[in-house]
Amino acid sequence: MSWRHNPGLVGGLIAIIIFAALGLTSLWWTPYPIQAISVADRFQPLGPEHWLGTDHLGRDLLSMVMHGILTSLLVAASGVVIGIGVGVPMGLAAVAWGGWVEWLVLRLSDLAFAFPALIVAILIATLHGPGELNAIIAIGIFNIPVFARVARGGALAIATQDYVAAARLAGLGNAAIAARHLLPNIASLIIVQGTIQLSLGILAEAALSYVGIGTQAPETSLGLMLRDVQGVFLIHPWLSVLPGLTIVFLVIALNIAGDGLRDAIDPRLRRQGMNHGAG
Amino acid sequence: MALVEIENLSISFGGRPAVRGLSLNIERGDRFGIIGESGSGKSLTALAITGLLPETAKVSGQVRFDGAPLPSNEREMARLRGKHIGMVFQEPMTALNPLMTIGDQIGEAGTLADIATDIDGLLQEVGLLPPHGARFPHELSGGQRQRAMIAMALASQPELMIADEPTSALDAITQRKVLDLIGDICERRRMTLIFISHDIRAVAALCTKVAVMRAGEIVEQGSINAVLQSPKAEYTQLLLAASRMERRPRSAQAREALLTVDAVSRDYGHGGFWLWRQKPVRAVDRVSFSLGRGESVALVGPSGCGKSTLARMIVGLDSATEGQFRLDGTLYHGRDLPPLLRAGVSLVFQDPFSSFDPRMTVGTSLGEPLRLLGQMTREERERRLVEAIASVGLDPVMLSRYAHEFSGGQRQRLAIARAMVTKPRLLVLDEPVSALDVSVRGDVLNLLARLQEEHGLTYLIISHDLDMVAAMADRVLVMEAGRIIEQGRPNDLFARPQHELTRALMAARLPDVV
Amino acid sequence: MLAFLLRRFAGFVLMLLASAAVIFLLLDLLPGDPARFILGINASPDAVAALRLQMGLDAPALERFLQWLGGMLGGDFGMSVTQRLPVAQLIVERLAVTLPLTILAMLISMIVGLPLGILAARRRGKPADTALMVLAQTGVAVPNFWFGMLLTLVFAVTLRWLPTGGFVPWHEDWIGSLRSLVLPSLALALPQASILARVMRTALVDVMGQDFIRTARAKGMTMDEAIWRHGVRNALLPVLTILGLQFAYLVAGTIIVENVFFLPGLGRLIFNAVTERDLILVRGATMVLVVVVTATMLITDLTYAWVDPRLRVRA
Amino acid sequence: MSLKTSLTLALAGLMMTSAAALAQPTEIKIGVAFEPPALDPTAGAAEAIDVVVYQNVFEGLVRIDKDGAVQPGLAESWTVSDDGLNYSFKLHDGVTFHDGSAFDAEDVKFTFDRILAEDSVNAQKALYAPIASVEVVDPLTVDITLSRPDGLFLFNIGRGDAVIVAPESADNNATDPIGTGPFAFVQWDRGSRVILEQYGPYWGDKPALTRASFVFIGDTGAMTNALLAGDIDGTNNFAAEALPVFEGNPQFKVLVGLTEGETILATNNRKAPFDNLLVRQAMAHALDREEIIEGATYGYGAPIGTHFAPQNPDYLDLTGTYPHDVEKAKALLAEAGYPDGFSATLKLPPVAYARLSGQIIASQFAEVGIKLELVNAEFAQWLEDVFANKDFDLTIISHVEPFDIGIYANPDYYFGYDNPEFQALNETLTATTDAAERTKLVQQMQTIIAEDAVNGYLFELAQTGVWNAKLEGMWPNSPVEGVVLRDIHWTE
């Protein structure tokens, strides 16, 4: 698994690091404060004063994009954290305990799958009011069954390995086996799925904000930026193109990194599989 | 003129050579065996003859079939394979398309070679029945699938058949039958055979000529008799030696029982809703026997006879539906085996590759069972680990390494070390050497014998390898369909098998190589 | 086989019951009074109270739940409180847009995605593969509402080949209806086609490494023939799962594209009904959506069992 | 390959066939942002209902013209008693409902009885509370008696809430509206459009249009595209931000007018610190109207200094009462005991002008030390919190009811303004019918609330319509809600 053989992973990771750095910087510093509205300066073109121009309220677009990346990443990442935090233990429990626990986990994840994420988001938005939290919860709920299934699938394969039986012989209980043997061995799978869900989360955040139930002003996110300027698309296309392309590149970077990770991890798994039927 | 001529063939992957400068002639009518351990390049050689090497392979040298070099055009090469070469692969489950019936798959082979195929006839020739043609691969047993593969290979009436480890995924009885079938068919159809195997006795039983491969090179070749009777290469001698198992002299005095198995049964319900629950399957059916202290008892039987289930219950991985076990006076049913007693029972798994967690150091894995003994100081723990790894002849510095850094034989030693770390009295050995290369099997068996002597261990050996059983066991239990159908001392039992299954097992034994 | 069908169907019904309960509970918790919404900011409390009574908002929850369930069994989803029409009728009208839109998008994504996936798998590691996968990466990454805006700009505003949006009812002018679905389904299909291409490629690459492909080649087939006759069908199995998920996703996911193209689809119906607090309509429409999604899953499972003989006998 | 070709051909064919379906010179397609939940204007407050049906499908006894003046409608004339309590209406003869049934005085009585009934769901029931009785004198004469004089009575019965409905069809008007107007309802493709067609036997002048579709397009971008592509012929109120697309385009005309919507920063006067006049004055000084109007309405809104429509002749320009002055605002805050400012929430309903103004105001208030937390709410939620529970600090909303300064006399109204002096003035006003006297009273009232800085007075909401350049007869202003088709026609 040399880095040189995986340009996708390297390129993707570098791009993500740049994006994340831009976003994190916005916590301490942006060229202009994003909430400073100056209507007189609106629709400025790209220039030395505002590198990427200004939006319909005269806010600096570079600052907005930096902060928007942060919000989009945070929302998507929090959704992934919820998904992993709840889904993975569910999936592991299903395998470690089996029986009715497994039945329950499968049915619960079926139930969650049956509710389209967008509808859940709309309902939550009406319960709690629109906002980032609502987007996080909706994306998180959508992620739970995904991770539960991935964790279960991966853990099922691990559970048949002799070393799990060996651990049982050594007197380990279900929880200990899940924590010591199952979890570490599906961690890579979870990471790969995590990057995929992260990129889906960014798209979902954009969609939710676009229909008005995600991030709300004065906060900003890439989706909200698109929503705010959709009416002036023909007059100031740059205002749509900038956040749109940022989303595209961010998602591509995540996907490429995810694919790279999978490639980096897969051969090892495949080799193990081949060793299995050693002949 | 030879049917297949290989001249100075080299195959490499990403700069790493897999086959080096190999030259070989196979005459018409030969039954040519290629022997080698895993990674010796024997399968790649066969693939090179058929032009089926992976795209990433770099090939040099020349292969001639029937005097003509192999065509470089993909379609011509494909048609050549289809018309003149039949192939049988190791794992018949994955080698057959799961979504197509057997009959269709056989018929397709004929169509590709422009031959009107008599599917029923082919099925009968390989010992199947016409109705089998309408079935899907998963509806057949392993042996039947391999027969179907052979039928498919025969459909194009090829001049050459290449069989790549055709029997190593099959159990002992089926293995012998399939080998005999291949032999018969080659005889009848006057087909040339290339037989690739790691099992020297299978090659000896089937082939007229043999080549021995090691690390991508042929170390020795010639007529089977010449090679086997006066092996020149050291490696051939080693292989021959490993295939003969010495019988270890054992004293057969009556001993006090360590473990008693008392009318144990195990039922498996097939999952599903209560309404649709199916009749349970009985995997182990009222089995009773006992193990004396220091005794070696072998449990033999075909796959699916329940011997592994029984072993899993004894070590406490599964629970009996009925009946009970008594270990050292304590009653238990399986999973309820108390921790301290668990420490007295260990299991050595068949597959040394899957029995270590790849994310843990060997030391951590080896130390896991120590928790059964309760709290332990770091020093005590360390001492135990060092002692255990030293007892299997490995260096204690290896404790901080990961399992994938070890070879199969070393891993099996480590697995034995893990089994020994709690100083158990009973060791259950589940096919302890069958996943290992022939050349290291003997070492591991010697190690097991030494440990038994030093620690007064009791062994329960699960196996289908009668030679190994004869060498290791004081007593043999034969299992079929969940029951023990026959038992006795190995010599008596093998000399005068009473039960039909035992006789079949004996008949399936390949003759010893002289 | 029958037992398998029965078991799956029982699971299906159970899932629907559980979903109904979840929907009902969730909606009962929603704040905001539908009566007040209808009557607006200057309405008198009397009028609001009168409307509440008329809408039957004051009965106990359990009673309303059972009534709702009972009604749905007979095809009666209740009356929409804001539109004063049977919910069932409203939903059927919207499904007449959403389902064709979804199906069209699925067809386009399959027609585009699957062949490209096969091509990429066949040319694995070659420039064609790389180019296709870069294309697919981009396709997945483009937000579909944004893509929809670009499509409208080109094909509707500039070229005027197709309408910018809106929907002509089927019975009036079915060609017009189809025309109004072309751009939205293209916008929906792009990411789905990209996903399908990637899944198809991965599945086929996996299958290409399997023994039975080697067997097929040993029988005398070229790699292409082996892929075509044995590989594709096997590779379609994982694709089938994705197709099921995609259909479910699309049925609900159309809402955003429906906004861009102002199509009267089910997603927008729910969205508007929620803002108007038309809870009877919301729960009816959500339930239908859940039924469609769950039924898709069921059909996927059954198709899987039908295509894959290994699953057929298991039950 | 051949499959691909034929597919391409099929697609191309699909695209071409109906590209030529050009609008006939007597048909019109109008884009509107919101789809009405139902089509009965007497049983719902949604503006979207009036947009489609008011004066098109339904008519009242009188009608409001494009300048906001009262004109004869179904009543061709009327007389008022001197005390202003008795109105006698002479109805038009030969009027029929779209279902063919005849219109007469009984329908008028039914309509008003229905509005005033105990179980009435009319959103503006309170406006008609002064009506004491409705009597049918003969089939073409109706007498209405008021319990107290009401200067706005005639205007109020000209609103959509008091259109005349028939007893036979009233219950179905929500889905199948039947009125007496020049256009009859044809069909409603839910989620998509409503189609009206000229009603042949209409009693009055025939309108130029024969068919009108209201197409529902919620998204500004989509509306722009639809206009540019000719899928719709116009829209009565288009988002100001996108107007530049059409401003220089000779194919379109942009009509700029005003609505009756006073957009205010509504302040909860019950609640500290907003119960303190100094604080409210400080907030008024902190507001920069110009920037808000520029930012939120792209300059199209008209500044207001009180709760009154600037296009009304009685309007008093009070925008100078508390000019934008950050230092003054800070000083007033300090004087009120908040030298470091304070924090408050600003609840925003889901309309663009409110959301944008909110952001700008938050930014302006921050300069004087008032930290606003923006809370975006959906309409139902917002109504519940602000109107029903009065649980808010500040909010932004446009009061679109015409002539609604009277809401300040209701101490229970959501912003909780309780001033006996103002309440007394309002009493007097309702009882006054003399125009000059009314002007004086109204201007007094305007001044009081402006000086009390009850709410932050921001701007009068503009109406910016975009229409095909060949269309004439649209109302530039919107004195009442509605898109009146009566005078719209194609030129050429």
Side-chain angles (χ1 to χ4, degrees), chain A residues 1-2 4-5 94-104 106-107 154-191 265-279, chain B residues 14 37-39 42-43 89-91 94 164-165 168-169 196-198 271 273 312 315-318 335 337-340 342-343 345-360 364-373 403-404 408 415 418-419 421-422 428 430 435-437:
Chain A
M1 180 170 81
S2 125
R4 265 177 303 121
H5 292 132
V95 173
W97 273 269
W100 68 269
V101 179
E102 183 163 28
W103 185 87
L104 193 71
L106 285 177
R107 294 295 82 76
L156 272 181
I158 303 293
T160 59
Q161 301 281 308
D162 288 341
Y163 59 79
V164 174
R168 277 192 203 283
L169 284 181
L172 269 72
N174 287 332
I177 283 180
R180 274 174 72 92
H181 293 285
L182 301 185
L183 184 60
N185 280 292
I186 59 164
S188 47
L189 267 182
I190 299 295
I191 291 170
I265 289 162
D266 237 17
R268 200 182 55 75
L269 293 177
R270 209 170 280 156
R271 202 186 324 138
Q272 264 184 1
M274 266 164 66
N275 287 343
H276 235 351
Chain B
E37 295 184 338
S38 52
K42 58 189 192 298
S43 292
F89 297 108
Q90 174 180 1
E91 180 45 78
T94 56
D164 185 358
E165 302 263 17
S168 56
I196 293 158
S197 179
H198 66 274
F273 255 108
R312 285 170 58 84
V315 298
L317 278 175
D318 199 353
R335 289 185 201 199
L337 184 62
L340 267 178
R342 262 176 204 267
V345 186
S346 287
L347 175 67
V348 175
F349 295 92
Q350 170 178 12
D351 181 359
F353 292 93
S354 87
S355 61
F356 284 92
D357 188 332
R359 309 259 153 195
M360 280 185 180
T364 318
S365 286
L366 255 56
E368 228 171 23
L370 286 176
R371 67 176 59 217
L372 293 170
L373 301 174
H404 68 260
R418 173 169 58 192
V421 78
T422 54
V428 179
D430 185 359
L436 303 178
D437 275 331

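Just so you know, these numbers use all the heavy atoms, side chains as well, and skip hydrogens, waters and symmetry mates. Here is the naming used below: chain letters follow the sequence lines, and residue numbers restart at 1 for every chain.
- For the pairing with A:Leu169, the side chain to side chain contact (heavy atoms under 4.5 Å, CB included) check across B:Thr422, B:Val345, B:Leu317 returns one residue only, B:Leu317.
- For the set B:Ala403, B:Ala419, B:Pro369, the count of heavy-atom pairs under 4.5 angstrom toward chain A peaks at B:Pro369.
- Contact count against chain B (heavy-atom pairs under 4.5 Å) is highest for A:Pro184 among A:Gly171, A:Pro184, A:Ala187.
- With A:Val164 as reference, A:Ile158 is the one residue of A:Leu172, A:Val95, A:Ile158 to meet the side chain to side chain contact (heavy atoms under 4.5 Å, CB included) rule.
- Heavy atoms closer than 4.5 Å to chain A are found in the side chain of B:Arg418, but not in its backbone.
- Looking at A:Gln161 and A:Asn185, their side chains never come closer than 4.5 Å, going by heavy atoms from C-beta outward.
- Judged purely by distance below 3.5 Å, without hydrogens or angles, the side chains of A:Asn174 and A:Arg168 pair a donor atom with an acceptor atom.
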